[in-house]
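Throughout, a chain's letter reflects where its sequence line sits, starting with A, and its residues are numbered from 1.
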Amino acid sequence: MSSTRTPAPVSNFIRAIIDADLARGLHNRIVTRFPPEPNGYLHVGHAKSICLNFGLAEDYQGQCNLRFDDTNPEKESDEYAQSIQEDVRWLGFQWSGDVHWASDYFDALYDFAVELINKGLAYVDDLSAEEMREYRGTLTQAGRNSPYRDRTVAENLDLFARMKAGEYADGAKVLRAKIDMASSNINMRDPAIYRIRRAHHIRTGDAWCIYPMYDYTHCISDALEGITHSICTLEFEDHRPLYDWVLDNLSIACHPRQYEFSRLELHYTITSKRKLLQLVNNQQVSGWDDPRMPTISGMRRRGYTAAGIREFSRRIGVSKSGNSVDMAVMEGAIREDLEAIAPRVVAVIHPLRVTITNFEGAAEREADFHPQHPELGSRVVSFGRELVIEADDFAEVAPPGWKRLSLGGEVRLRHSYVMRCDEAVKDEAGRVVELRCSIDHATLGKNPEGRKVRGVIHFLSCEHALPAEIRLYDRLFTVPAPDADKEVDFCTYLNPRSLTVVPGWVESSVKDAAPETRYQFERLGYFCSDRRDHQPGGKLVFNRTVTLKDSWTKEAGSL
RNA sequence: UGGGGAGUCGCCAAGUGGUAAGGCAACGGGUUUUGAUCCCGUCAUUCGUAGGUUCGAUCCCUACCUCCUCAGCCA
């Protein structure tokens with residue numbers, strides 16, 4: 001369940017290109033693709049790419065493929081492939097037709113390599129990896145030709161066939177494109193396009209011992225699928241000439257165009273798969289779907305909505321400039337969606353006991369789940385002699401601007417009476433442990449006469465409240481750019497207070513909430529019952545998705 | 001110091017030879033039995049810097065500065 005409103009797409013350079021291509025009749029319809037390698041869980045950066053590629057296909061009534069770039073069996077697993085599909089679907093997108101795999105094209109890829117060899121554009125090289133590095137030259141110095149560069153076509157054909165047949169050890173030989181060892185673009189200095197690697201592949205098993213490289217595979221996969229716009233991140237800009245070289249030299253009619261946009265950086269988070277994996281392996285977090293993780297599954301478990309993430313993606317736009325987006329943009333997008341859809345209920349996280357001295361028995365009152373959406377229904381709010389309120393809502397002496405409860409002061413109990421605090425009971429240490437208050441019986445559903453009560457606080461009747469585990473999440477890192485400094489380990493910036501678990505109380509209407517049910521706990525924030533640990537009717541576990549905007553804390557902080 | 005990119009408000013981001021959209025944040029004010037939401041208003045004489053072309057430049061030209069990126073048999 002999410003808000004359905006779909007704002008107009010934001011103009012960006014890729015849409016401009018597509019508009020122009022369509023206008024001059026280069027394509028009738030566009031075909032994009034989202035091409036992850038199944039070597040990890042998807043994160044918020046991938047969400048941007050997913051929203052871009054699938055979103056473009058939707059807007060232009062084209063299609064978007066999901067294609068796994070599974071050319072490096074050593075790093076890939078089916079668990080990852082499954083999670084990626086689940087994440088894409090959860091985000092609200094459906095790929096065109098079946099899932100595609102680069103490994104579907106292994107035979108075709110092999111044949112194309114033979115074509116390159118026949119054209120004298122590829123050769124088998126016996127140089128070791130270290131030797132190849134030496135021969136490659138540097139950023140400022142041209143490389144040198146490999147001594148094996150001039151093998152005949154026949155010899156190359158034979159050698160490549162024998163590579164495939166498993167006659168050589170891993171790493172003994174590679175197939176290289178014959179381009180230009182003096183190119184100022186290092187990617188063009190005879191890049192390796194096939195390597196020998198005896199590893200079990202998640203789909204082809206042990207059928208192959210040679211695997212094609214990314215640069216060679218990606219462009220051909222795109223062409224074979226009729227992709228019109230192949231969109232990737234900026235670090236592949238230097239690879240575009242190679243992308244084009246491969247397609248220009250092969251007998252494939254289709255030649256997709258590659259466009260690059262800048263990857264997402266989000267304040268206070270990291271989006272490096274390697275580093276996220278490190279957090280998981282070192283148990284700094286509970287797993288890939290820990291609610292503090294910027295993974296799609298983590299954000300989901302935290303309570304972020306798919307519509308909210310899509311809206312975030314729309315708001316940040318697409319460009320080629322370096323960027324680092326404020327968390328506030330994400331939180332704003334999530335809040336906007338939750339504001340519209342989340343039922344309001346009451347929870348008390350840091351309880352302070354209140355006894356109502358002039359009340360006996362019990363009382364009930366009906367209250368809507370949402371102030372603007374009565375169609376969400378209502379529930380019963382119980383009142384009694386023993387209550388709990390939020391400890392933060394009481395101050396013996398009201399600071400300037402205070403609208404909550406103070407000794408001798410009055411406050412409105414949400415959906416209930418106006419209450420005055422008559423006495424604060426303290427323990428030996430001088431801490432307030434209980435309040436003795438009285439209510440104005442004439443204020444249920446109406447304002448008191450002759451005076452104005454400004455503040456409203458929430459409360460729970462002790463008799464009716466249910467215990468719940470409340471998980472309060474804060475940012476995972478203490479600095480905006482944890483991995484900016486290459487000299488400092490990003491883990492040193494881990495926020496020790498990123499998770500606080502507190503025993504709290506919730507109103508009885510949430511008792512049977514299914515896992516992954518979202519609420520607004522009034523005045524506290526948006527919360528979501530935990531996907532894994534929450535048990536309807538049993539142990540209740542809620543994750544704080546995001547706080548409400550809070551102008552009081554800000555004001556108080558600046559006093 | 002080679003190649004490839006990028007520099008427009010605190011953070012994103014449109015835009016174009018004709019006089020700077022929008023969002024987020026921020027700041028004022030109104031409504032409110034959530035200090036939420038909602039509503040109203042304010043927020044770049046200026047587009048990395050310096051020159052030049054032009055009636056006119058953020059947009060064209062030149063030079064410079066800053067940042068990012070590339071030397072895997074990873075993707």
>> Could you check B/rG72 for me: syn (within 90° of 0) or anti?
In response: syn
> Nearest-Å distance, CZ (A/R344) to P (B/rU34)?
Replying inline: 11 Å
>> Please classify the nucleic acid contact of A/R404 as base, sugar-phosphate, or nothing, using heavy-atom distances under 4.0 Å.
In response: base
> If you look at every strand shown and take non-hydrogen atoms under 4.0 Å, does A/S262 touch a base, only sugar-phosphate, or nothing?
Replying inline: nothing
Report each atom pair, protein N/O against N/O of nucleotides 21-27 of chain B, whose distance is under 3.5 angstrom.
from   : atom 1 : to     : atom 2 : distance (Å)
B/rA26 : OP1    : A/K554 : NZ     : 2.4

> Is there a Watson-Crick or G-U wobble partner for B/rC64 with both distances under 3.5 Å, and if so, which one is it?
Replying inline: B/rG48
>> Regarding A/Q520, tell me which of base, sugar-phosphate or nothing describes its non-hydrogen contacts under 4.0 Å with the strands shown.
In response: base
>> Applying a 4.0 Å non-hydrogen cut-off, can you work out what A/I457 is touching in the nucleic acid: base, sugar-phosphate, or nothing?
In response: nothing
> Does A/Y216 have its ring centroid less than 6.0 Å away from the ring centroid of A/Y194?
Replying inline: yes
> Taking atom C1' of B/rU37 as reference, at what distance in whole Å does atom CZ of A/F369 sit?
Replying inline: 18 Å
> Would A/E225 and A/R33 pass as an ion pair if we require N to O under 4.0 Å?
Replying inline: no
>> Could you tell me how far B/rA25 sits from B/rA13 if I compare only their C1' atoms? Round to whole Å.
In response: 14 Å
> Between atom CD in A/E237 and atom C1' in B/rG3, what is the gap in whole Å?
Replying inline: 12 Å
> Within the modelled atom types, does a donor on one side and an acceptor on the other bring the side chain of A/R412 and the base of B/rU33 under 3.5 Å apart?
Replying inline: yes
>> Using the C1' atom as the point on both nucleotides, what is the distance between B/rC73 and B/rU62, in whole Å?
In response: 45 Å
>> Under 4.0 Å, heavy atoms only, any strand: does A/G445 hit a base, just the sugar-phosphate, or nothing?
In response: base
> For A/D483, what residues pass the side-chain hydrogen bond (donor to acceptor under 3.5 Å, both in side chains) criterion, not counting sequence neighbours?
Replying inline: none
> Nearest heavy-atom pair of A/V506 and A/A347: which atoms, and what distance?
Replying inline: CG1-CB, 3.9 Å
>> Under a 4.0 Å threshold between the charged nitrogen and the carboxylate oxygen, would A/E235 count as salt-bridged to A/R263?
In response: yes
> Taking atom P of B/rC12 as reference, at what distance in whole Å does atom CZ of A/R263 sit?
Replying inline: 16 Å
> When the P atoms of B/rA21 and B/rU32 are considered, how many whole Å apart are they?
Replying inline: 35 Å
> Does A/R379 pair with A/E366 as a salt bridge, N-O distance under 4.0 Å?
Replying inline: no
>> Let's test this: given Watson-Crick or G-U wobble pairing with both distances under 3.5 Å, identify the partner of B/rA57.
In response: none
>> Distance check needed: B/rU34 P versus A/L376 CG, whole Å only.
In response: 17 Å
> Considering only the C1' atoms, how many Å lie between B/rG15 and B/rG7, rounded to the nearest integer?
Replying inline: 16 Å
> Think A/S319 has a side-chain N or O under 4.0 angstrom from the OP1 or OP2 of B/rA13?
Replying inline: yes
> For B/rC38, which nucleotide is its Watson-Crick or G-U wobble mate, given both distances must be under 3.5 Å?
Replying inline: B/rG30
> Nearest nucleotide by nearest heavy atom, which residue falls closer to the 5' end of RNA chain B, A/S324 or A/A16?
Replying inline: A/S324
> What about the rings of A/Y268 and A/F477, do their centers lie closer together than 6.0 Å?
Replying inline: no
>> Using a heavy-atom cut-off of 4.0 Å across all strands, would you classify A/N447 as base, sugar-phosphate, or nothing?
In response: nothing
> On RNA chain B, nearest-nucleotide positions of A/Y417 versus A/V318: which is more 5'?
Replying inline: A/V318
> When the distance from CG of A/L548 to C1' of B/rU32 is rounded to whole Å, what number comes out?
Replying inline: 14 Å
> A/K452 NZ to B/rU33 C1': how many Å, rounded?
Replying inline: 13 Å
> Which one, B/rU33, B/rA36, B/rG35, comes nearest to the side chain of A/R414?
Replying inline: B/rU33
>> Considering every strand and a 4.0 Å limit on heavy-atom distances, what is the contact class for A/V418: base, sugar-phosphate, or nothing?
In response: nothing
> Atom NZ of A/K320 and atom P of B/rU69: how far apart are they, to the nearest Å?
Replying inline: 15 Å
> Taking the P atom of each, how far is B/rA75 from B/rG10, in whole Å?
Replying inline: 42 Å
>> Please determine whether the number of non-hydrogen atoms from other residues, nucleotides or ligands lying under 6.0 Å from atom CZ of A/R420 exceeds 12.
In response: no
>> Roughly how many Å apart are B/rA20 and B/rC43, using the C1' atom of each and rounding to a whole number?
In response: 14 Å
> Is the backbone N or O of A/S319 less than 3.5 Å from a side-chain atom of A/S262, with the two atoms forming a donor-acceptor pair by type?
Replying inline: yes
>> Under a 3.5 Å threshold, yes or no: a donor from one side chain and an acceptor from the other, between A/D190 and A/Y123?
In response: yes
> What is the nucleic acid contact for A/R176, judged by heavy atoms within less than 4.0 Å: base, sugar-phosphate only, or nothing?
Replying inline: nothing
>> Whether the A/Y41 and A/E79 side chains hold a donor-acceptor pair (N or O, under 3.5 Å, no angle test) is what I'd like checked.
In response: yes
> What integer number of Å spans the P atoms of B/rU45 and B/rG35?
Replying inline: 37 Å
> OP1 or OP2 of B/rA13 less than 4.0 angstrom from a side-chain nitrogen or oxygen of A/S321, does that happen here?
Replying inline: yes
> Taking the C1' atom of each, how far is B/rA14 from B/rG23, in whole Å?
Replying inline: 11 Å
> With sugar-phosphate meaning primed atoms plus P, OP1 and OP2, does A/Q141 contact a base, only sugar-phosphate, or nothing at under 4.0 Å between heavy atoms?
Replying inline: nothing
> Any donor-acceptor pair under 3.5 Å linking the side chain of A/T553 with the backbone of A/D550?
Replying inline: no
> Can you check whether A/Y243 and A/H239 have ring centres sitting under 6.0 Å from each other?
Replying inline: no
>> Protein within reach of the bases, or only the backbone? For nucleotides 70-75 of chain B, mark each nucleotide 5' to 3' as B, S or -, using heavy atoms under 4.0 Å.
In response: BBSBBB
> Reckon A/S11 has a side-chain N or O less than 4.0 Å from the OP1 or OP2 of B/rG15?
Replying inline: yes
